[in-house]
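As the structure lists them, so they are numbered: ligands from 1, and atoms in each ligand from 1. Remember, predicted model here, so these are calculated numbers, not experimental data.
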Amino acid sequence: MFHPCTIIEPFRIKVVEPLPTCSREEREAALKAAGYNLFGVQADQVLIDLMTDSGTSAMSQEQWAAIMRGDESYAGARSFRRFQRVVRELTGLKHVIPTHQGRAAERILFGVIGAPDTIIPNNTHFDTTRANVEASGAEAVDLIPEKGRDPAAEHPFKGDVDLAALDDLLAGHGDRIPAMVVTVTNNSGGGQPVSMANLRAVRERLEPLGIPLFLDCARFAENAWFIHRDEEGYQDRTPRQIAREMFSLADGALMSAKKDGFGNIGGFLALNDDALATRCRNDLVLTEGFPTYGGLAGRDLEALAVGLEEVLDETYLDYRIASTGYVWQHLADAGVPLLRPAGGHAVYLDARRFLPHVPPAQLPGQSLSIALYLEAGVRSVEIGTVMFGHTGPDGTQQPAPTDLVRLAIPRRVYTQSHMDYVVEAVKYVFEQRQSLGGYRIAWEPEALRHFTCTFEPLR
Ligand code: F0G
C-alpha cells in the first residue's frame with residue numbers, strides 16, 4: 001500500500017493571480033515611504049503576503065457559483081435564509097445577525113452589554129475586541145494561563161482560560177461581569193487552541209452566576225481540528241460534531257467570517273437571548289443595515305454559507321494544520337526561536353529570542369518583520385510591543401508581555417514551494433540577525449496605533 005508522507009494541497013488551481021515583482025531597492029524605498037510600517041506598504045510591492053489570514057482566502061468553485069445566486073433584495077433575501085440556516089445548524093444558536101466583519105459584531109455586542117465599571121474577561125482579547133470593549137467603557141481582562149505565557153513552553157492547549165484567575169475574578173467582581181468571551185483559537189496568544197474540557201469548565205463556572213459565555217469563533221474549525229487531534233476522547237468525532245459541541249457550551253458567538261468562513265468579507269453575531277438580540281438588531285440598523293443583510297451583499301452571504309460548510313472538511317483541515325506545521329517544523333529544525341507548538345493559522349517567530357540584543361523597548365518584532373520584508377518581500381505582522389504596548393509618560397515604550405512576529409497563512413492561497421521560499425527567507429534573516437537594530441516610534445495615533453504609527457531606525 002502506498003502511504004505517502006507528502007500532504008498535498010487538496011485542490012488544484014483554476015484561476016491564477018501573478019505574484020508582483022519588486023526589487024530590494026524598491027522595497028527599501030517603499031519602507032521609507034511607509035514610515036517603516038508594513039501596513040503602509042502597497043500590496044503590489046509584497047511578494048508573499050503573510051500579514052493576515054483574514055479576508056485573504058481563495059474561494060472555491062462552489063463559492064463562486066453560489067455568488068451568482070446571490071439575492072440582493074433589501075429585505076427577506078433568500079441568501080440571508082440560506083446563511084441563517086447554515087449558521088444555525090453549525091452553532092445551534094437562534095438569532096443570526098450578519099455584520100460586515102467581526103469587529104462590527106464586537107462593537108454592537110459590547111456597545112449593548114458593556115458599560116463603565118463592568119469587566120469583560122477573555123482568554124486573550126484580539127486587538128479590535130479589546131478596543132471595542134474599552135470603547136464601551138468596560139475593562140478588558142485577559143486570563144491566559146501560565147502555560148500560555150511562555151512562548152517556548154510546549155503544551156497542546158495553550159489557548160485555555162486560566163481557571164484559577166477566572167475563579168478569583170468571579171469571586172471578587174462577578175457582579176460586574178455582563179459576559180465572558182473565549183477566543184478559539186487564541187489568535188493573539190499564538191493561534192493556540194482551547195480544549196473542550198477548558199470550555200466546559202468555564203461554562204460550569206459562569207452558568208450558576210447567570211453570566212453568558214460568547215465564543216469569538218473566527219477560527220472555530222481549526223480549534224475543532226486540534227481537539228480532534230490532541231484531546232483525549234475526540235479522535236472518533238468529526239470536526240463538525242466537535243464544533244457543535246463547542247458552540248453548545250456558549251450562549252452566543254461573534255465571528256469574523258473572513259477566516260474560517262473562507263470569506264473575503266463578512267461576519268456575524270449569533271445569540272439565544274431574545275431581548276439581547278432585539279437590542280443588537282436595533283443597533284445593527286443604525287450602521288450595518290437591515291437585519292437580513294447587515295452590511296453584506298446577498299452574494300457575500302451565499303459565499304459564506306458555502307465556506308462555513310467547506311471549512312469543516314476533514315481532508316482540508318488535515319492539510320491546513322499540517323501545512324502550518326510544515327513551516328513551523330522546518331524553522332524549528334534550523335534553530336529559529338518560535339512560539340511552541342505550531343499554531344493553526346500562523347507560525348509565530350519569537351522576536352525577543354531571535355534578536356536578544358534588541359531590548360523590547362526598541363521593538364524587536366518590528367525590526368524582524370521589516371527585515372523579512374526588505375530581504376525577501378515577505379510581509380508579516382508584529383504582535384508585541386507595537387500592537388499591545390504603550391508609550392509611557394516619559395516617552396519610553398512600555399513593553400507587551402511578548403514580542404512575536406506572526407506569519408499568518410492565507411487559506412488555500414499559497415503552495416508548498418511558496419512556503420519553502422518563506423522558510424529560506426526566515427533562515428537567511430536569522431543568519432543576519434546580528435546586523436539588525438532597534439526602532440523607535442516617531443508618531444502614533446490615540447488608538448490601535450500599530451495600523452498607522454511611523455517608525456525610525458535607531459541606527
Ligand atoms: N477576533 C479575532 C480572534 C480576530 O483574529 C479578528 C481579526 C477579529 C476578531 C476581528 O475581525 O477583522 O473581521 O473585524 N483578525 C485579523 C487578523 C484582522 O489579522 O488576525 P474582523
Any N or O of [X] closer than 3.5 Å to N or O of ligand 1:
{"X": "T185", "answer": "no"}
{"X": "G266", "answer": "no"}
{"X": "K258", "answer": "no"}
{"X": "T128", "answer": "no"}

Short side-chain donor-acceptor distance under 3.5 Å, R107 and T287
yes
Side-chain donor-acceptor contact under 3.5 Å, S79 with E302
yes
Residue selection (non-hydrogen contact nearest [atom]) among [options]:
{"atom": "atom 7 (C) of ligand 1", "options": "E106, R219, H125, K259", "result": "K259"}
{"atom": "atom 21 (P) of ligand 1", "options": "M255, H100, R406, Q101", "result": "Q101"}
{"atom": "atom 5 (O) of ligand 1", "options": "N122, N187, I383, D53", "result": "N187"}

Under 4.0 Å between a side-chain nitrogen and a carboxylate oxygen: does that hold for [X] and [Y]?
{"X": "D71", "Y": "R82", "value": "no"}
{"X": "K259", "Y": "D53", "value": "no"}
{"X": "E245", "Y": "R237", "value": "yes"}
{"X": "K94", "Y": "D273", "value": "no"}

Looking only at protein heavy atoms, identify the closest one to [atom] and say how far it is in Å.
{"atom": "atom 13 (O) of ligand 1", "result": "S256 OG, 2.6 Å"}
{"atom": "atom 8 (C) of ligand 1", "result": "F126 CD2, 3.5 Å"}
{"atom": "atom 12 (O) of ligand 1", "result": "R103 NH2, 2.8 Å"}
{"atom": "atom 1 (N) of ligand 1", "result": "D216 OD2, 2.8 Å"}

Quick one: list whatever passes side-chain hydrogen bond (donor to acceptor under 3.5 Å, both in side chains) with R340, sequence neighbours left out.
E154
Checking salt bridge (charged side-chain N to carboxylate O under 4.0 Å, His left out) between E310 and each of R411, R412, R240, which is the one that passes?
R412
Please identify which atoms of ligand 1 are closer than 4.0 Å to at least one heavy atom of T183.
3 (C)
Subset of ligand 1 atoms that lie under 4.0 Å from at least one heavy atom of G102:
11 (O), 13 (O), 14 (O), 21 (P)
side-chain contact (heavy atoms from CB on, under 4.5 Å) between R279 and I113, intermediate numbers included
CA-CA 10 Å; R279 292 173 70 198; I113 65 171; 5.7 Å; no
